[in-house]
K.L.:
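Right, I'll just put the structure down here and ask away after.
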Amino acid sequence: MSNQQKERQRLDALKEKLNNYAYSYYVLDQSLITDAEYDELYQELLMIEAKYPEWVTLDSPSQRVGDQLLEGFQKVKHAQTMYSLSNAFNEADIHAFIKKVEEVVGSQHSFICECKIDGLAIALTYEDGLFVRGATRGNGQTGEDITQNLRTIHSLPLRLRKPISGEFRGEAYMPKEVFLKLNEQRDEAGESPLANPRNAAAGALRQKDPAKAAKRQLNIFMYNCSSQSDIEATSQGELLEEMEAVGLRTNSFRKECHNFNEVWEFIQTVGQKRHQLPYEIDGVVIKVNAFEYQEKLGHTIKAPRWAIAYKFPAEVAQTTLLNVDWTVGRTGVVTPTAIMEAVQLAGTTVQRASLHNVDLIEKLDLHIGDQVVIHKAGDIIPEILEVDLTKRKRDDRPVAIPTECPQCHEELVKIKDEVALRCVNPNCPAQRLAQITHFVSRLAMNIDGLGEKIVEQLLDHHLIENPADLYYLKQEDLLKLDKIKEKSANNLIQAINESKDRGLDRLLFALGIRHVGAKAARLIAEEFGTIETVMIAEAEQVGQIEGIGEIISQSLVHYFQQESSLKLIDRLKKIGVKTDFQTTVIGTQQTNEFKGKTIVLTGSMNAYTRNEAKQILQNLGANVTGSVSKKTDILIAGTEAGSKLIKARDLGVTIIDESTFIEKLVESGINDAK
Ligand code: IVH
C-alpha cells in the first residue's frame, strides 16, 4: 500500500472514531476518552485534511463550524407536510380526544406520551446516512435551509450509524442554563434580554455566521420522520427506538400509556418534574402508538387526528411592586431589581424579579404600587411580564430612574446603543466590592471563609482597595472587623495564603476580565502558560485558540493595556501569587471524599470538561461510571443535567453541584487538577 493510501485509510478511521466519540459524549452522555486524547486524534485528522483538502467530506468533524458567512437562507420543500398539533388544556379535552380516537380504532391500542419541547421544529435530511440538509418548519410545506447552523449542534450526527435515507423531524432548543447565561451577558453588554429560550434558539438558527450559532450551544431531540424514510417501524415507540439506533437523539422521558388514567398520571409526573429538566417544555404530546391506527385516523388540514398537545397552564402570578433596588455590578452596570410582595410561583416563593435595564422599566411604564404579572424566564429567573393597569391607583408614582450611582454618587452614563446604565468611576466601592467578591469566590481563587460580608467590611475600613491587597493583610487588620476573633483571623490569613497557589487559569478568571469565564481562562492559561506571555499577547493570537472568539480576545488584550491592571499583577507577583499554569495533580490529603466511591458525571461544568473531571476523580481513586443505578454513590451534576439527575433523585443518590465538587477537591488538596 502506498503512503498516500495509508493516509487515506487513517483519515477514514479517524473520522469514524471521532464521530463515534462525539456520539457517545453528546447523545449517550458517556465519555469514552479524555479531551486530550480526542484532541490529539482531531489534530491528526486536521493535518491529513490540510495536506489533502480534496479528501474533506461533509461528515468530517472538522466541518461542524463553517467559516463562510451566509448571505440568506434558501427555501426548502419538505418531503411531506410538517403538521402542527391540536391543543388540549384540561382533562375534558383529553377525554374528548381519546373518545374520538377510540371511535375509529377501538380501545385495544396504546399512546406514546412525550414531552412537548419548547423549541423550533426542524427537519433533517439524510442521504445514505450522510446529513445533507436541515430546515426550519416554515409554513409546513416549505422551510428555510439552515444546514450550516444545524451542523454546529454536536448531538446532530453528521453521519447516521446505518446508511439510510430520510427526513427526520424534531425540535432544536436552547438549554435553560445557556439561555440564562446568555441573558446575563446581554445585560452586562447593555443589550436587551431575549424573552425565552425558544426565541433565543430561533435567533441562533437564523445567524448568518455559523460560528455565532455554535456559541449558542443548541441541542436537539428528534421525534418523527417523513413516511418515505428508510426506517422500519410499525409504531411511534418503535420509531423512537429505531431513530436512537441510527444515532439520532431522542428524549427518553416518555411513556407508553393505555388509557386516560395512565395518560393523566404521566402528565402530572411531567408537570412535577418539568422545573428540574434542563430544557423548557410547555406540555405533553399524546400520540396514538400504532402507525396502522395513525393512518386510519388521518389528518385535518392543520394537524394529525392521532395526536394532541396537552399544554400546561402558563405559570404566572400577580403581586404588588413595592420598590426597585439598583445594584452596581463588577463592570459598573447598574441593574434594577423589582422588590415585590411575596407570592408563590412555579414551586417557589418569589419576592424579587429581574428588571434587566431602564428601557424595560420604561416599556412596562412601571409605577411603585402597581399590580404586576410575573413569570419565570428559562423556568428560573422571575421577570415582570406586564402591569395590570386597571388596578393602578392615582397616587402610584413612576419608578424613578437614578441619575447617579447608588454607591459612589458619580453621574451615571448611558452609552450609545446600549440599554444599560453604567457607573464609570473606576474607584466606585460597589464595583470594587463585586470585583473582590468575585476574586475570592469558589471557582476563582476560592478563599475559604472570605465572602461578601467580610470583603465589604475590609473595604469600609480602608484595609483593601483591590484584590492584591488581600495578600498584604495582617492578623491585626482582621481583628478590627466585626465578629472576627484571633482564631478566625488566623484561619483567614491561612486561607488567603493557600490561595496563592491556584495557578494561572484560576487567576485569569478571578481578575474578572469582561467576557473571560472560567473555561476561557483555562484555555488561555493552557495556551500561554505564564501571565507574562498572556500580557503581551495580541488579540489575533488569542483569537486563534479554539473556543475563544473575538469578543473575549479583545477584552483580554484591552484589560492588560490598563495601567491599573499592570500594577495589580505586579503586586500579586511580588507577594508570591502563582502566575503560571500548572498541570500536575497535587493530592496532599491521604484520604478524600471520592476515594472508592462510584460516581456518575452529568451535564456540563464551567471549570472542567466532563473528561477532565473524570480524570481528576479517577486520580483520586473513584470509580467513574456512565449511568446512574442503585450502586451509584454520588452524582455530580453540572448544568443541563437531565434524566440522570432525575433518576438519581428518585433513587436517593447523593447529588452535588459543580461548586461543591470544586470545594471538595480543594479539601482533598487538589488546587488545579488535570
Ligand atoms: S409531533 C405531526 N412531538 O410542537 C406531529 N411535536 O405545537 C408533529 N413539538 O410543530 C409534531 N415537542 O415543533 C411533536 N414531542 C413532540 C414535540 C413536538 C415539541 C412541537 C413541534 C410542533 C409543535 C406543535
Side-chain angles (χ1 to χ4, degrees), residues 176-177 179-196 315-388 392 396-410 412-415 418-425 428-435 437-438 441 451-453 455-456 512 514:
K176 287 177 191 169
E177 286 286 340
F179 167 73
L180 296 174
K181 224 175 236 165
L182 180 67
N183 265 357
E184 260 175 42
Q185 285 165 0
R186 290 179 71 96
D187 280 352
E188 204 186 287
E191 293 164 1
S192 40
L194 300 168
N196 51 50
E315 291 195 271
V316 293
Q318 251 204 33
T319 182
T320 313
L321 176 68
L322 301 175
N323 200 359
V324 172
D325 238 14
W326 298 85
T327 46
V328 189
R330 245 188 310 138
T331 57
V333 172
V334 179
T335 32
T337 304
I339 312 296
M340 303 163 305
E341 233 161 57
V343 65
Q344 279 297 113
L345 174 64
T348 62
T349 309
V350 172
Q351 252 175 315
R352 303 165 69 83
S354 170
L355 283 167
H356 297 290
N357 56 58
V358 175
D359 281 23
L360 188 64
I361 294 181
E362 284 169 355
K363 205 163 97 200
L364 290 166
D365 182 29
L366 266 192
H367 286 43
I368 302 292
D370 269 346
Q371 281 294 302
V372 290
V373 180
I374 59 174
H375 81 142
K376 280 184 182 165
D379 238 2
I380 299 175
I381 304 285
E383 278 180 357
I384 295 184
L385 285 175
E386 58 181 9
V387 173
D388 185 348
R392 182 169 287 168
D396 288 343
R397 291 279 158 258
V399 170
I401 310 295
T403 53
E404 54 181 49
C405 173
Q407 282 289 323
C408 69
H409 305 291
E410 179 106 349
L412 294 176
V413 294
K414 195 165 171 191
I415 295 169
E418 287 196 354
V419 285
L421 275 182
R422 276 181 203 276
C423 169
V424 289
N425 171 12
C428 169
Q431 282 180 59
R432 284 204 169 139
L433 174 64
Q435 273 160 11
T437 308
H438 169 75
S441 65
E452 195 183 63
K453 289 266 140 43
V455 175
E456 197 169 4
R514 265 181 97 180

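One-based numbering along the sequence shown. The shown structure was predicted, so the numbers you read here are calculated from the model rather than taken from an experiment.
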K.L.:
What's the separation between atom OG1 in Thr337 and atom CD in Gln351, rounded to the nearest 0.5 Å?
P.N.:
12.5 Å
K.L.:
Which value, rounded to the nearest 0.5 Å, describes the distance between Arg514 atom CZ and Gln185 atom CD?
P.N.:
10.5 Å
K.L.:
CG of Leu421 to SG of Cys405: how many Å apart, nearest 0.5 Å?
P.N.:
10.5 Å
K.L.:
Which heavy atom of Ala342 sits nearest a heavy atom of Thr349, and at what distance?
P.N.:
CB-CG2, 3.9 Å
K.L.:
Flag the pair Pro193 / Asp187 as yes when at least one side-chain heavy-atom distance between them is below 4.5 Å, and no otherwise.
P.N.:
yes
K.L.:
Output the distance between atom CD1 (Ile384) and atom NE2 (His356), rounded to the nearest 0.5 Å.
P.N.:
10.0 Å
K.L.:
Do the side chain of Asn357 and the main chain of Asp359 share a donor and acceptor less than 3.5 angstrom apart?
P.N.:
yes
K.L.:
Of all the heavy-atom pairs spanning Gln407 and Pro429, show the shortest one and how long it is.
P.N.:
OE1-CG, 4.3 Å
K.L.:
May I ask you to test the Thr335-Ser354 pair for a side-chain heavy-atom distance under 4.5 Å?
P.N.:
no
K.L.:
Considering all heavy atoms of both residues, which atom of Pro336 and which atom of Val324 are nearest to each other, and what is their separation?
P.N.:
CB-CG1, 3.8 Å
K.L.:
Would one find more than 12 heavy atoms of other residues, nucleotides or ligands at under 6.0 Å from atom CD of Gln318?
P.N.:
yes
K.L.:
Begin with the C-alpha distance, continue with both residues' side-chain angles, and end with the deciding distance and a verdict on side-chain contact (heavy atoms from CB on, under 4.5 Å) for Val419 and Val358.
P.N.:
CA-CA 7 Å; Val419 285; Val358 175; over 6 Å; no
K.L.:
If I take atom CE from residue Met340 and atom CG from residue Leu321, how far apart are they, to the nearest 0.5 angstrom?
P.N.:
8.0 Å
K.L.:
Looking at Thr320 and Gly369, what are the two nearest heavy atoms and their distance?
P.N.:
CG2-O, 3.6 Å
K.L.:
Would you compute the distance between atom CD of Glu383 and atom NZ of Lys376 and round it to the nearest 0.5 angstrom?
P.N.:
12.0 Å
K.L.:
Would the distance check show the side chain of Arg330 and the main-chain N or O of His438 forming a donor-acceptor pair, the cut-off being under 3.5 Å?
P.N.:
no
K.L.:
With a 3.5 Å distance limit and no angle check, can you tell me whether Arg422 reaches the backbone of Val413 through a side-chain donor-acceptor pair?
P.N.:
no
K.L.:
For the residue pair Glu452 and Leu433, what are the closest heavy atoms and their distance?
P.N.:
O-CD1, 3.8 Å
K.L.:
Kindly give the heavy-atom pair with the smallest separation between Val333 and Ala420, and that separation in Å.
P.N.:
CG1-CB, 3.9 Å
K.L.:
Are any non-hydrogen side-chain atoms of Thr319 and Leu345 less than 4.5 angstrom apart?
P.N.:
no
K.L.:
Can you list the steps and then say if Gln431 with Thr331 is a side-chain hydrogen bond (donor to acceptor under 3.5 Å, both in side chains)?
P.N.:
CA-CA 7 Å; Gln431 282 180 59; Thr331 57; over 6 Å; no
K.L.:
Is it the case that the side chain of Asp370 and the backbone of Asp388 share a donor-acceptor pair, with hydrogens and angles ignored and the cut-off at 3.5 Å?
P.N.:
no
K.L.:
Taking the side chain as every heavy atom from C-beta outward, state whether Leu355 and Leu366 have any atom pair closer than 4.5 Å.
P.N.:
yes
K.L.:
Going through the distances and angles, do Ile401 and Trp326 end up as a side-chain contact (heavy atoms from CB on, under 4.5 Å)?
P.N.:
CA-CA 9 Å; Ile401 310 295; Trp326 298 85; 4.3 Å; yes
K.L.:
Between the side chain of His367 and the main-chain N/O of Asp365, is any donor-acceptor distance below 3.5 Å?
P.N.:
yes
